[in-house]
> 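Just passing along the structure, written as structure tokens.
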Amino acid sequence: MKSTTKLLFLTFLIFSYGCSTTAHKTNKIVAGVDYHSFANTDDVVITHINLNLSIDFDNHTIHGRNAIQYKLKNPNAKEMILDTRDLTIISIGTPNGRGGIIPVKWHMGQKDKMLGQALIIDLPKNDRIIIEYLTSPESTGLQWLTPQQTSSKKYPFLYSQSEAIHARSWIPLQDTPQVRQTYSATIKVNKNLRAVMSAYNNPKADERFRTYYFDMPQAIPSYLIALAVGKLEYKAIGPRSGVWAEKVLLDKAAYEFEDTEKMIKAGEALYGKYDWETYDLLILPSSFPFGGMENPRLSFITPTVLAGDKSLVSLIAHELAHSWSGNLVTNATWRDLWLNEGFTTYFESRITEVVNGKETKDMEAVLAYQDLIAEIPELSKKDQHLALDLRGQDPDDAFTEIPYTKGRLFLDWLENAFGREVFDEFIKSYFHHFAFQSITTENFVNYLNDNLLKKHPKTVSLKQVKQWIYSPGIPKTAVIPHTQVFTAIDNLTKQWLNKDIKTNELPTKNWSTQEWLYFLNNMPKEFNYDKMVELDKTYDLTHIKNTEIAHVWYLLSIRNNYQQAFENMRHYLIEIGRRKLIVPLYTELANNDKNRAWAQRVYQIARPGYHSLAQVTIDKIFEK
Ligand code: BES
Ligand code: ZN
């Protein structure tokens, strides 16, 4: 679609936003068109940005200067359209070649609740634009934390979360994954705190200068530009890896993630060299709304996976795997999200298999499959396609189990059909072929057809592939994950429910986190209060430190009105902001009038500590 047509469409969306009419019922979706950006990328694309940011912890603002270099794709282009949200533009100019800046003309488009606001700039004669701006304290891509919300309780903290379309709330740019740019940055902080970015981070930089320099020489999409500022320390955990964390968590994190180098090696052995030189982990405060975020060279990680026994480290395998699937080969639009998340979930499981064994891999596959099967009936048919039609919809809502687990099942199915050796070679060549490019679902399908399907005829048909991608549900030929370990648990559960074995006879001593999760997740509907009492008396699950097991235990507690767990659940809900762990609890609590009132009181206390993404989701639960 021409950018003018796209602008018309987006304008139409803005006018129809909130009305019952949706544009996409009449128009066909166009592959490769980003419906979530105003940028006129057919005319002009950014190639490099140089950021100069002053971090103001007193006012919760960033005063920024973004010096953009760009290249014309259309020699007749007259303007550049950037994405912004809640930014105050102070001035826009272009270098005059003698050290000065001459102003250029610009204006803002109409505000849109979901997309923000277009910034339309007249293109100067050269290839540079300099924008001076100020962020709002409500910037959706930034969370400003008080000292109380950190582990130290002493210093404030700031972090960004740009995926999917929040980079525009702290940097004016072409906020679309189909544009890749290199970046450099100078970050000035008004306190003795350390800034880190999705770039090389020098552990030797001295905090007292309050100024940090960064350089990301590899071209990345805007959603991977990331920044965090806090009282951070560094500890090396491998030849090219380390953890960044607040002091109290540093040793714990270094221990928990000490297998990171093994994971990188496993990834390289499968699909080719790790292309980003260093791989560090940043442990965030517990309000971080995700498990992890694959910011290049510096994955952002929730502290809720610090279980003490390395049992939740698949999250690291996942974020690391994005170094290939996502960061190297990037989804062109949010419709193609499964190319990022499905490939990564598949790749994650392959790394887990090498580092933690096939049993762990299989158990995690079954747990994810059960989540998928539970979620599918709640989704509309069109939301069950791998290639999603997200027009008029916030891409933040696209993160269901579909792109992740249906995507992964699709790749499991291909692996099974062609055999591991052939399939691995194909995936490796795919990453190599599309390295540092942003691609659509259709680019992948064509590559798959030419390089795998046609080379091994009569193995799978293109029609079957298209069914996976463009139809709802799970095709019948899917390879359903399975493990003996869980069959054994099914048997034990049966015996225990029949009272053939006593609670303290359950062989839980050697149960892994995954076995506990499976056991508790698969309690029958008619499970009751007495059994909760008995389990708790024997295993003290109400006080369990493992956040994933606690989550399932609290869900059961709500369903069976096991009030003894509520006080601990209250602390949990106030302490943790990770959406996956808290949203299902609020949802379940809201189903019953008494619990609903209780949950609303807890939420009132917890809400100010949550990231805006979590706030939006949970507000919706209580609006219903
Ligand atoms: N890229 C995602 C995080 C994300 C999701 C950002 C939605 C913006 C919107 C990240 O790689 C991810 O998938 N995280 C998962 C972890 C996982 C092991 C499935 C998460 O946070 O739960
Ligand atoms: Zn992911």
Side-chain angles (χ1 to χ4, degrees), residues 36 140-141 143 159-169 175 177 198 220-226 257 263 281-284 286-296 298-305 307 311-331 334 336-352 356 360-361 364-365 367-369 371-372 375 388 390 393-408 513-514 517 547-548 551 576-584 611-614 616-617:
H36 296 98
T140 57
Q143 190 181 13
Y159 69 88
S160 70
Q161 169 57 44
S162 296
E163 193 182 11
I165 54 170
H166 300 283
R168 65 190 66 176
S169 74
D175 198 7
S198 53
I220 57 168
S222 57
Y223 76 89
L224 293 176
I225 302 177
F257 305 134
M263 290 183 171
L281 303 168
L282 169 67
I283 315 305
L284 287 158
S286 55
S287 70
F288 185 53
F290 298 107
M293 177 64 213
E294 66 270 27
N295 298 314
L298 183 69
S299 287
F300 283 21
I301 303 294
T302 172
T304 63
V305 291
S311 65
L312 300 173
V313 297
S314 293
L315 178 90
I316 308 299
H318 180 98
E319 304 314 334
L320 169 67
H322 273 305
S323 307
W324 289 260
S325 41
N327 301 2
L328 200 57
V329 181
T330 307
N331 52 208
W334 300 111
D336 310 299
L337 177 68
W338 77 276
L339 291 178
N340 278 15
E341 298 300 345
F343 270 79
T344 294
T345 306
Y346 172 79
F347 193 173
E348 164 201 340
S349 80
R350 296 294 305 274
I351 295 173
T352 297
N356 297 96
T360 304
K361 172 207 163 173
E364 290 181 340
L367 291 169
Y369 178 74
D371 288 344
L372 172 68
E375 190 175 33
L388 293 163
L390 293 173
Q393 211 176 318
D394 194 322
D396 282 334
D397 300 336
F399 292 80
T400 69
E401 286 287 335
I402 295 293
Y404 288 80
T405 305
K406 181 180 173 182
R408 176 253 173 91
T513 295
Q514 289 73 21
L517 292 175
T547 55
E548 294 269 0
H551 168 81
I576 296 174
R578 183 177 171 191
R579 279 203 302 190
K580 184 189 137 198
L581 295 179
I582 58 172
V583 170
H611 188 280
S612 62
L613 281 169
V616 170
T617 315

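Atoms within a ligand are numbered from 1 in the order they appear, just like the ligands themselves.
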> Knowing that exactly one of D396, L337, I225 qualifies, which makes a side chain to side chain contact (heavy atoms under 4.5 Å, CB included) with E163?
L337
> Calculate, to the nearest 0.5 Å, the distance between atoms CG and CG belonging to L281 and N295 respectively.
11.5 Å
> Is there at least one pair of N or O atoms, one from K580 and one from ligand 1, spaced under 3.5 Å apart?
no
> Between L339 and V329, does the side-chain contact (heavy atoms from CB on, under 4.5 Å) criterion hold? Intermediate values first, please.
CA-CA 8 Å; L339 291 178; V329 181; over 6 Å; no
> Check whether the side chains of S287 and Q143 place a donor and an acceptor atom closer than 3.5 Å, and report yes or no.
yes
> Working to the nearest 0.5 Å, report the span between OG1 of T302 and CG of L315.
8.0 Å
> Among all protein heavy atoms, pick the one closest to atom 16 (C) of ligand 1 and tell me residue, atom and distance.
L315 CD1, 3.5 Å
> Under 3.5 Å, is there a donor-acceptor pair between the side chain of E401 and the main chain of D371?
no
> Students should be able to answer this: which protein heavy-atom is nearest to atom 19 (C) of ligand 1, and at what distance?
Y404 CE2, 3.7 Å
> Looking only at protein heavy atoms, which one is nearest to atom 2 (C) of ligand 1, and what is the separation?
E341 OE2, 3.3 Å
> Which protein heavy atom lies closest to atom 4 (C) of ligand 1, and at what distance to 0.1 Å?
E163 OE1, 3.6 Å
> Tell me which protein heavy atom sits closest to atom 20 (C) of ligand 1, plus the residue, atom name and distance to 0.1 Å.
G291 N, 3.4 Å
> Please check whether H322 reaches ligand 1 - meaning an N/O of the residue sits under 3.5 Å from an N/O of the ligand, judged on distance alone.
yes
> Do R408 and Y404 have a side chain donor and acceptor closer than 3.5 Å?
no
> Of the side chain and backbone of F399, name the one, both, or neither that has a heavy atom under 4.0 Å from an atom of ligand 1.
side chain
> Backbone or side chain, does E341 get an N/O/S atom under 2.8 Å to the Zn ion (ligand 2)?
yes
> With a cut-off of 4.0 Å, which atoms of ligand 1 are near a heavy atom of Q161?
6 (C), 8 (C)
> Where on E294 is there a heavy atom closer than 4.0 Å to ligand 1, on the side chain, on the backbone, on both, or on neither?
side chain
> Using the ring centroid of each side chain, check whether Y159 and F300 are separated by less than 6.0 Å.
no
> Regarding H322 and T344, do their side chains bring together a donor and an acceptor under 3.5 Å, going by distance alone?
yes
> Check all N, O or S atoms of H318 and name the one closest to the Zn ion (ligand 2).
NE2
> How far is atom 3 (C) of ligand 1 from its nearest protein heavy atom, and which residue and atom name does that atom have?
G292 O, 3.5 Å
